[in-house]
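Below: one structure, written as structure tokens.
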2 protein chains.
Amino acid sequence: MPEDRALPPEVEGGEATERMLQILSTSARLFATAGYEGTSMRDIAQACGISKSLLYHHFADKDEIFARITLGSTRELVQFVEARLPEGATASARLRAFMVATGEYFQRYRWAWIASTTAFWNDPQQRRHAERMLWRDRYEGLVRSLIQQAIAAGEIRPLDVPLAGRLVLSSLNWMHRWHKPDQGMPAPEVAAEYFDMIFSGLRADGQGLPPGHPEG
Amino acid sequence: MPEDRALPPEVEGGEATERMLQILSTSARLFATAGYEGTSMRDIAQACGISKSLLYHHFADKDEIFARITLGSTRELVQFVEARLPEGATASARLRAFMVATGEYFQRYRWAWIASTTAFWNDPQQRRHAERMLWRDRYEGLVRSLIQQAIAAGEIRPLDVPLAGRLVLSSLNWMHRWHKPDQGMPAPEVAAEYFDMIFSGLRADGQGLPPGHPEG
DNA sequence: CCCTTCGTTGACCAAGCGGTCAGGGTCCGG
DNA sequence: CCGGACCCTGACCGCTTGGTCAACGAAGGG
């Protein structure tokens, strides 16, 4: 399968054998398509072409596999996006870069992304997933701070910052429900279009769309 | 439980006894919180205070319960929203009404809504769910036609209509991941705020926000 | 009075689940 | 040649799953 290695480079603890990476990337695809409960350890083993016991040799249990994927993928997302924010640019240009980078990440690590965004948001205690929530919060905090900076700089009108942040994230998080990988507009372009729409608005009299189209 | 009767009035075929409604509304809550695979027939029976066998007396199998909820809820959504579009108004005012009505529907029939939007989008053959897809398409077609009308009327600038429609729907469909029923802004108000942001844009120089605030 | 209908139940089934375990290879350092 | 370390496997366990079935009790019409 071509897209089996659709996993971010780091997958937590650092050490990960080739076999473990294969298990993780295969599991990511299965979790993304059938959900956590809908994916059995037998499914994973069969898709990997190995015995079920081997899964338990490399991982403690089903939840550890899932947590490795979602935690690793969420942490990587934040670092991926943060590394792509142009430092000298305006706040709105950085917000645009935030959205485009998220689109790139979605395009590259599709299955892990879907598994992560599909995973339960409001978790039962589970210390394993608490760390993922922290990275999610940091990600959401980042988009809010960019909006706040843009307001302070007079680039964005004063408004409900958390709600505006949710609008931005909603557009990106919902992409996996309709976007096909090798069909239509590439995800980063979709993200850029979304930015233009959200930033400039749909309204006709809003004098065009100045901020995008440097095509970053 | 107070919110158990959180089901749209019609649930398909028309005839539905009180017990069937109880089963459907209870199942909707369980499906919404634990997912389809994560909800067992025993869970449903116990939550209803009845025996598992009785479920099979009223419904053929698990999938029929699920399909009744998601199909009924999706069909009701479309009819609910269509009934709330002001006929004489401008296209953008109708788009705003579309979003606010969706927020109202989400607020009223929370569990059925979540179960429906969480359900698989791209279905394996399953004729049972094909009808739901039709209503979903009609719903998405409605928002696209409103945007198209607004463009034709010069209220919205020319742009990628399907993408703009997806932006609108993304904001609404993602609400259930963060919105708490009795906490913060009511869902219809959130939808109205979203409309203002999307229609007028976040940009500071876009001369304020004329279209909302008749608070329809 | 009986007979049918209908809501209801507990016992039961095969299959699948997550997880365990004893052990078989294979390679490498001593 | 031995002994550990590491991958890897098939058989197995207790439990839960979706679904079936025979039967029971109350209601209601003839």
Side-chain angles (χ1 to χ4, degrees), chain A residues 4 11 13-70 115 119-120 123-129, chain B residues 4 11 13-70 115 119-120 123-129:
Chain A
D4 251 15
V11 276
E15 65 251 6
T17 66
E18 196 63 22
R19 170 106 315 155
M20 290 169 81
L21 287 177
Q22 181 208 9
I23 293 173
L24 288 171
S25 55
T26 303
S27 303
R29 178 169 48 87
L30 295 177
F31 284 141
T33 51
Y36 181 81
E37 313 276 0
T39 304
S40 75
M41 293 298 269
R42 284 164 179 83
D43 293 338
I44 297 175
Q46 188 176 12
C48 289
I50 61 179
S51 75
K52 186 165 62 79
S53 314
L54 189 52
L55 298 176
Y56 289 95
H57 175 73
H58 289 295
F59 302 96
D61 52 26
K62 186 182 178 182
D63 184 65
E64 181 179 314
I65 298 180
F66 187 68
R68 278 277 264 276
I69 293 170
T70 55
F120 23 77
D123 214 29
Q125 67 278 12
Q126 292 282 105
R127 189 177 324 119
R128 252 178 194 161
H129 299 278
Chain B
D4 250 16
V11 277
E15 64 251 5
T17 66
E18 196 63 23
R19 169 103 321 150
M20 290 170 82
L21 288 177
Q22 181 207 9
I23 293 173
L24 288 171
S25 55
T26 303
S27 303
R29 178 169 46 87
L30 295 178
F31 285 142
T33 51
Y36 181 81
E37 312 277 359
T39 303
S40 75
M41 294 297 268
R42 284 164 178 83
D43 293 338
I44 297 175
Q46 187 175 13
C48 290
I50 60 179
S51 75
K52 185 165 62 80
S53 313
L54 190 52
L55 297 177
Y56 289 95
H57 175 72
H58 289 294
F59 302 97
D61 52 26
K62 186 182 178 182
D63 185 65
E64 182 180 314
I65 298 181
F66 187 68
R68 277 279 263 275
I69 293 169
T70 56
F120 23 78
D123 214 30
Q125 66 280 14
Q126 292 282 107
R127 188 176 326 120
R128 254 179 194 161
H129 299 276

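In this text, all values refer to a predicted model and were calculated from it rather than measured experimentally.
Both tests pass for B:K62 against the ring of B:Y36: distance under 6.0 Å to the centre and angle within 45° of the axis.
Between D:dC6 and A:H58, no contact under 4.0 Å exists linking OP1 or OP2 to a side-chain N or O. Between A:R19 and the phosphate of D:dC8, there is a side-chain N or O to OP1/OP2 separation shorter than 4.0 Å. Residue B:H57 has no polar side-chain atom (N or O) positioned under 4.0 Å from OP1 or OP2 of C:dT8.
Atom CD in A:Q46 sits about 13 Å away from atom C1' in C:dG16, given to the nearest Å. One atom, CZ of B:F59, and another, P of C:dG7, lie 12 Å apart when rounded to the nearest Å. Between the CG atom of A:D43 and the P atom of C:dG16 there is a distance of 11 Å, rounded to whole Å. If you measure from atom CD1 of B:I50 to atom P of D:dC24, you get 22 Å, rounded to the nearest angstrom.
For the side chain to side chain contact (heavy atoms under 4.5 Å, CB included) test, residues two or more places apart in sequence or in another chain that qualify with A:T33 are A:W111. For B:D61, the salt bridge (charged side-chain N to carboxylate O under 4.0 Å, His left out) partners at least two apart in sequence or on another chain are B:R128. Take B:Y56 and apply the ring-ring contact (aromatic ring centres under 6.0 Å, His included) test, not counting sequence neighbours, and it matches no residue. With sequence neighbours left out, the side chain to side chain contact (heavy atoms under 4.5 Å, CB included) criterion links A:R42 to A:S40, A:K52.
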For nucleotides 18-20 of chain D, tabulate all protein N/O to nucleotide N/O atom pairs closer than 3.5 Å, reporting atom names and distance.
unit_1 : atom_1 : unit_2 : atom_2 : d
D:dG18 : OP1    : B:T39  : O      : 3.4
D:dG18 : OP1    : B:K62  : NZ     : 2.7
D:dG18 : OP2    : B:M41  : N      : 2.9
D:dG18 : N7     : B:R42  : NH1    : 3.0
D:dG18 : O6     : B:R42  : NH2    : 3.1
D:dG19 : OP2    : B:Y56  : OH     : 3.2
D:dG19 : OP2    : B:K62  : N      : 3.0
D:dG19 : N7     : B:K52  : NZ     : 2.6
D:dG19 : O6     : B:K52  : NZ     : 2.1

Using a cutoff of under 3.5 Å, can you pull out all pairs of nitrogen or oxygen atoms linking the protein to nucleotides 3-5 of chain D, with atom names and distances?
none

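B:T26 places no side-chain N or O within donor-acceptor distance of the main-chain N or O of B:C48, the cut-off being under 3.5 Å.
Other residues, nucleotides and ligands contribute at most 12 non-hydrogen atoms within 6.0 Å of the CD atom of A:Q46.
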Full working for side chain to side chain contact (heavy atoms under 4.5 Å, CB included) between B:I65 and B:F31: CA-CA 10 Å; B:I65 298 181; B:F31 285 142; 4.2 Å; yes
